[in-house]
Amino acid sequence: MVIISDLIKEEQKRQEETLMLIPSENYASKEVREAVGSVLMNKYSEGYSGRRYYQGNKIIDEIETFAIDKAKELFKVEHVNVQPYSGSPANAEVLFALLNPGDTIMGLKLSSGGHLTHGHPDITFSGRFYKSVQFGTKDDGIIDYNEVENLARKEKPALMIIGTTAYPLILDWKKLGEIADLVGSWLVADISHVSGLVLAGEYPSPVPFTHIVTTTTHKTLRGPRGAMIMVTKKGIEKDPETASKIDKAVFPGLQGGPHNGTTAGIAQALIEADSGDFKKYGKQIVINARYLAEELKNGGLTLVTGGTECHLMVVDLRPIGLSGNIAAEVLEAAGIIVNRNSVPNDSAPPFYPSGIRLGTPGITTRGMTEPEMKIIAGWILKVLDHVKDEKLPEVKEKRGEYIKSFRIKVANDEFLKNIASEVRDLCKKFPMP
Ligand code: DSN
């Protein structure tokens with residue numbers, strides 16, 4: 001019989017003993033985790049503070065109001081909804097609030113570092129229920145803002161939803177705001193990846209230039225899995241009904257009862273973010289990312305855009321002839337957890353892309369700094385070199401089987417086991433919260 005508590009312990013051990021280099025992951029504090037798993041989850045609270053459809057919400061009202069006020073104070077926005085279940089629902093709720101089906105939306109392509117909900121064609125709500133026009137990057141992986149402007153002038157989107165999941169440079173929010181204003185479009189900044197950096201002062205805030213800001217709360221912000229939708233002064237000026245449209249789109253538009261434990265976790269994460277320690281953590285994330293990027297480059301790897309200005313980097317593996325799947329699998333065998341990722345103009349399909357994406361939020365939370373980045377870069381380089389001759393089968397249908405047998409092979413590889421053991425030793429010195 002499966003014992004769930006045993007599986008949770010196993011996952012805890014996995015997290016303790018490996019390096020979390022997936023840039024969208026992090027370690028929430030014990031207090032955040034306790035809030036999420038608390039008795040708050042027993043309560044139904046459909047509606048908003050003071051206007052619930054259920055009795056018994058006095059304390060929930062207090063918690064939700066606190067979370068909202070704290071988010072308003074820290075992000076300097078006019079209105080906040082903390083109920084979205086996560087990032088994709090939050091973005092869906094914004095589109096549902098402000099648009100009609102068939103309206104034109106514009107965003108950065110997923111393959112260029114955007115997100116599925118920013119208008120990815122055919123398979124997402126954002127690409128199916130709206131007319132989606134998307135821009136990419138130049139071959140070097142950098143956004144050409146002239147191209148963005150030209151596309152906006154041509155297509156006249158009703159809404160631009162812009163944010164990044166794998167774009168290593170800082171977005172020019174001012175320019176994007178100007179483009180949106182030029183064509184009369186809503187501008188939604190999805191800062192899910194960088195909201196913690198924004199609060200730490202390490203990434204520019206889009207607030208002065210955008211109408212709406214969405215963010216998940218579990219990435220650099222280091223809270224629970226959840227999301228917020230924020231309305232800026234500019235958003236209220238564009239339409240005084242914006243806040244109420246957003247709230248109605250969240251509930252009853254697309255959601256039911258809020259996840260109250262999550263709301264408390266968000267409140268706790270915002271309290272933690274309002275501190276000198278959080279600012280230091282944000283600063284160190286970027287220092288670590290830049291350092292790791294330089295070390296990888298010095299070791300001969302090619303980085304999309306040539307480096308990083310934030311918490312993440314994307315390694316283009318095409319010059320060394322490796323597939324992203326092979327790299328991610330072999331690194332996992334060595335205790336280094338990354339994820340495979342497309343690179344600009346990748347001819348390989350998204351499931352078998354030509355890059356890997358790495359980020360430093362998790363390892364920074366554990367207290368690692370430049371000396372550890374040097375060690376980690378050294379391991380990554382050695383591990384990738386160890387499998388330099390591995391090739392994915394040309395025949396698509398054979399790839400799944402190949403990866404399965406490759407996984408078994410690397411799990412039994414003594415060289416990789418030795419690195420995994422060194423990784424475990426390093427991790428022991430930097431306990432997770
Ligand atoms: N899935 C997230 C990421 O890994 O970047 C984006 O939502």
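Just follow the structure's listing: the first ligand is 1, and inside any ligand the first atom is 1.
- Looking at Trp173, its side chain does come within 3.5 Å of a backbone N or O of Pro204 through a donor-acceptor pair.
- A donor-acceptor pair under 3.5 Å is absent between the side-chain atoms of Thr232 and the main chain of Phe209, judged by distance alone.
- The one candidate from Glu10, Glu11, Glu17, Glu16 that meets the salt bridge (charged side-chain N to carboxylate O under 4.0 Å, His left out) condition with Lys13 is Glu17.
- Figure legend: Arg340 and Phe351 shown as a cation-pi pair, the cationic atom lying under 6.0 angstrom from the six-membered ring centre and within 45 degrees of its axis.
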Close N/O pairs between ligand 1 and protein, under 3.5 Å:
unit_1   : atom_1 : unit_2 : atom_2 : d
ligand 1 : 4 (O)  : Ser24  : OG     : 2.7
ligand 1 : 4 (O)  : Arg357 : NH2    : 2.8
ligand 1 : 5 (O)  : His193 : NE2    : 2.7
ligand 1 : 5 (O)  : Arg357 : NH1    : 2.9
ligand 1 : 7 (O)  : His115 : NE2    : 3.0

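- In this structure a side-chain-to-backbone donor-acceptor pair under 3.5 Å is present from Tyr281 to Thr220.
- The main-chain N or O of Thr365 is never found under 3.5 Å from a side-chain atom of Tyr27 such that the two would form a donor-acceptor pair.
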